Amino acid sequence: MRKMLRNYLLIIASILFHEITYSQVPDFSGTWKLNFQKSKLDTTDDLKGLTGQIFVIKQNDDKFKLKIYHQFGTKTRKIGFSMRLDGKTRLVKLIFKGKLEETEKGLKASMWRNNYQNIVDYSFGATPNELVADEVFKGRPKDHHSVWVFDKVLNVNSK
């Protein structure tokens, strides 16, 4: 009876450990630099001349904030948005409806309004130091599908 109880408790502990370990939402917080060589970009006219791109993600509990810095030579254009990771539809930047959901591999951000839909699946690439943003956009100036691959900018303390 003791052996059976012990085995039962080990099975329960194993299941709980598995649930805790594998059901956590990946944390994409950090600064990410676009890797043009790994990316497959179907860019639109407003991104012609793009020389770089930086993502700055702050993720805390169910809050997800993304700032995007589009670099065109010495000029930078910044956009950003905040979403909550609860799968509920909310206003984003007062002009879009949007929602952020957990997926099997990461997060899915969806934003839409009349004649506009942008869905981005965020996941880690080969390592947690590689971020993949798989984007499907429908709207003006043209529909496109791009796979943006970013390398994490690691802080190196020189002290």
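Starting from 1, each residue takes its place in the sequence as its number. As the structure is a computational prediction, the values presented were derived from the model and not from experiment.
- Listed by first and then second residue, the side-chain hydrogen bond (donor to acceptor under 3.5 Å, both in side chains) pairs that reach into residues 82-91 are Asp62-Arg84, Asp86-Arg90, sequence neighbours excluded.
- Under the 4.5 Å side-chain heavy-atom criterion for Ile, Leu, Val, Met, Phe, Trp and Tyr, Ile79 and Val92 are members of the same hydrophobic cluster.
- Between atom OH of residue Tyr122 and atom CD of residue Glu102 there is a gap of 15.5 Å, rounded to the nearest 0.5 Å.
- Taking every heavy atom of both residues into account, Leu50 and Phe36 meet most closely at O-CZ, 3.7 Å.
- A continuous path of Ile, Leu, Val, Met, Phe, Trp and Tyr side chains, each step under 4.5 Å between heavy atoms, connects Leu34 with Ile68, placing both in one hydrophobic cluster.
- Under the 4.5 Å side-chain heavy-atom criterion for ILVMFWY residues, no single connected hydrophobic cluster contains both Leu154 and Val56.
- Pairs engaging residues 26-36 under the side-chain hydrogen bond (donor to acceptor under 3.5 Å, both in side chains) rule: Asp27-Ser29, Asn35-Asp151 [sequence neighbours left out].
- With sequence neighbours left out, Pro26 forms a side chain to side chain contact (heavy atoms under 4.5 Å, CB included) with Phe28, Phe124.
- In this structure, Asp42 and Lys142 have side chains that are in contact, with non-hydrogen atoms separated by less than 4.5 Å.
- Counting heavy atoms from C-beta on, the side chains of Phe64 and Val25 never come closer than 4.5 Å.
- Closest of all the heavy-atom pairs between Leu85 and Glu101 is CD1-C, 3.6 Å.
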Can you give each donor-acceptor pair under 3.5 Å made by side-chain atoms of residues 130-138, sequence neighbours left out, with the distance rounded to 0.1 Å?
residue	atom	partner	partner atom	Å
Glu130	OE1	Ala126	N	2.9
Glu130	OE2	Lys38	NZ	2.7
Asp134	OD1	His145	NE2	2.5
Glu135	OE1	His144	NE2	3.4
Glu135	OE1	Trp148	NE1	3.0
Glu135	OE2	Asn118	ND2	3.3

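- Both Val120 and Ile57 belong to a common hydrophobic cluster when Ile, Leu, Val, Met, Phe, Trp and Tyr are linked at side-chain heavy-atom distances under 4.5 angstrom.
- Pairing each heavy atom of Ser39 with each of Val149, the nearest pair is OG-N, 2.8 Å.
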For residues 103-117, run the donor-acceptor check on the side chains, cut-off 3.5 Å, and write out each pair with its distance to 0.1 Å, sequence neighbours left out.
residue	atom	partner	partner atom	Å
Thr103	OG1	Lys105	N	3.4
Thr103	OG1	Gly106	N	2.9
Thr103	OG1	Gly106	O	3.3

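- Lys152 has its side chain out of reach of Thr127: every pair of non-hydrogen atoms, C-beta onward, lies at least 4.5 Å apart.
- Every residue two or more places apart in sequence or in another chain that forms a side chain to side chain contact (heavy atoms under 4.5 Å, CB included) with Lys78 is listed here: Lys67, Tyr69.
- Hydrophobic clustering of Ile, Leu, Val, Met, Phe, Trp and Tyr side chains at less than 4.5 Å, counting indirect connections, unites Leu100 with Phe81.
- A distance-only check finds no donor-acceptor pair linking the side chain of Lys99 to the backbone of Met83 [under 3.5 Å].
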